Amino acid sequence: MGAIDWERRLFDELIPLPEGTSYNAYFLQGSEKTALIDTADPAKSDALMAQLESIPHLDYLIIQHVEQDHSGSAPLVLEKYPNAQVVASTKAVPMIEEHLGIPADRIQAMADGDTLSLGNWTLEFIHAPWVHWPETMLTYLQEEKALFTCDLFGSHLATDELFSEDGSKVCEAAKRYYAEIMMPFATLIKGHLKRLEAYDIEVIGPSHGPVHNKPEWILDAYHHWAHDEPKNLVLIPYTSMHDSTALMVDYMIEALNDRGVHVHSFHMSKTDLGEYAIHLVDAATVVFGTPTVLVGPHPSIVLASYLTAALRPKLRNAVVIGSYGWAGKAAEKTQDLCGALKVDWMEPVFTKGLPKKETYEALDQLADEIAARHKGLETGA
Ligand code: FEO
């Protein structure tokens, strides 16, 4: 159940959704009790409520995650079924009261590992904090070996195909989702993946995108994204106002390619931020390219550097290159914006005005250093 949001193009007023998204809900008809897992974004409440018209009775509304794209229609569902109880993790209880205005006496708190019987079916609740908020839990339908995961293993993809049988079609959307939503929590995800190894899982039902009826590929993909070493890949997020920085970036791309290093550059005034985020999953080095604007980096590089740090990728190395008109501290300020990013910063290369012979020599030296640091890293994404 739920809704396909074909037209939505932005999430959290930040994350691009080039292929829309879906808000999946799952109705479980047990032999004695009924349950609905998750709801839909408030913008799509009508679609969900229309589907519920054919369902006369609901015992449990399971809220796996309080973010409104999944729980936002819960008040309407509870209004329709006044005897239904909300089931949620212990941490979710105050959040449901705060964000949705649902009173605590309608909520049944589930500790990690607690079970709930629907008669012939047993639901086991697995606390999975930080995928994507601290209260998130997964629901395992034991008899059917079905795991419901809300944001985890999801993809922002509007499609009328229920199942992700062709993993390759969904993989790009799932990787984008991992990069934007899950990557900051990679360390915790490793723990969740380890724990899930103890479960026999035949199907995974996320609350965004298609259902994984052959779940091996998405489990494998998450394992690689969260565990693998970074690849032999340099990202160059850059912008340029009067071509000085662009000339340096072009030179740097060729210099790195000549040394066997793969590069992906992103003109940040034009690039979909999600494209940049996807490549951050694999990259070993980032080279920020920026002109100087009012003594600091260009605003599009302010955003890129802040986002890079916030997503906590596996990057090992970073450097700032760019240009200035008369003075400035664009390199230092870019580095400051990256704050907690755990990387080894290399010496910046800046030019006053157009790049000159010595600028290109400095870029050659930088390319040598990056190539040396990338030695032994695997190629490919
Ligand atoms: Fe799809 Fe964190 O909500």
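Numbering starts at 1 and runs along the sequence shown. Indexing begins at 1, ligand by ligand and atom by atom, following the structure's order. What you are looking at is a predicted structure, and each value in this text was computed from that prediction instead of being measured.
Atom CG of L152 sits about 12.0 Å away from atom NE2 of H132, to the nearest 0.5 Å.
Between W130 and H192, the ring centre distance reaches or exceeds 6.0 Å.
Atom CZ of R312 has 12 or fewer heavy atoms from other residues, nucleotides or ligands within 6.0 Å.
Between D336 and K329, no side-chain nitrogen of the basic residue sits less than 4.0 Å from a carboxylate oxygen of the acidic one, so the salt-bridge criterion is not met. Ion pairing between E172 and K175 fails under the 4.0 Å rule for side-chain N and carboxylate O.
Listing protein N, O or S atoms at distances below 2.8 Å from atom 1 (Fe) of ligand 1, with waters left out, gives D69 OD2, H70 NE2, D151 OD1, H208 NE2.
Residue L256 belongs to a hydrophobic cluster whose other members are V234, I236, Y238, L247, M248, V249, Y251, M252, I253, V261, V263, V287, V319, I321, M346, V349, L354, Y360, L363, L366, I370, with links defined by side-chain heavy atoms closer than 4.5 Å.
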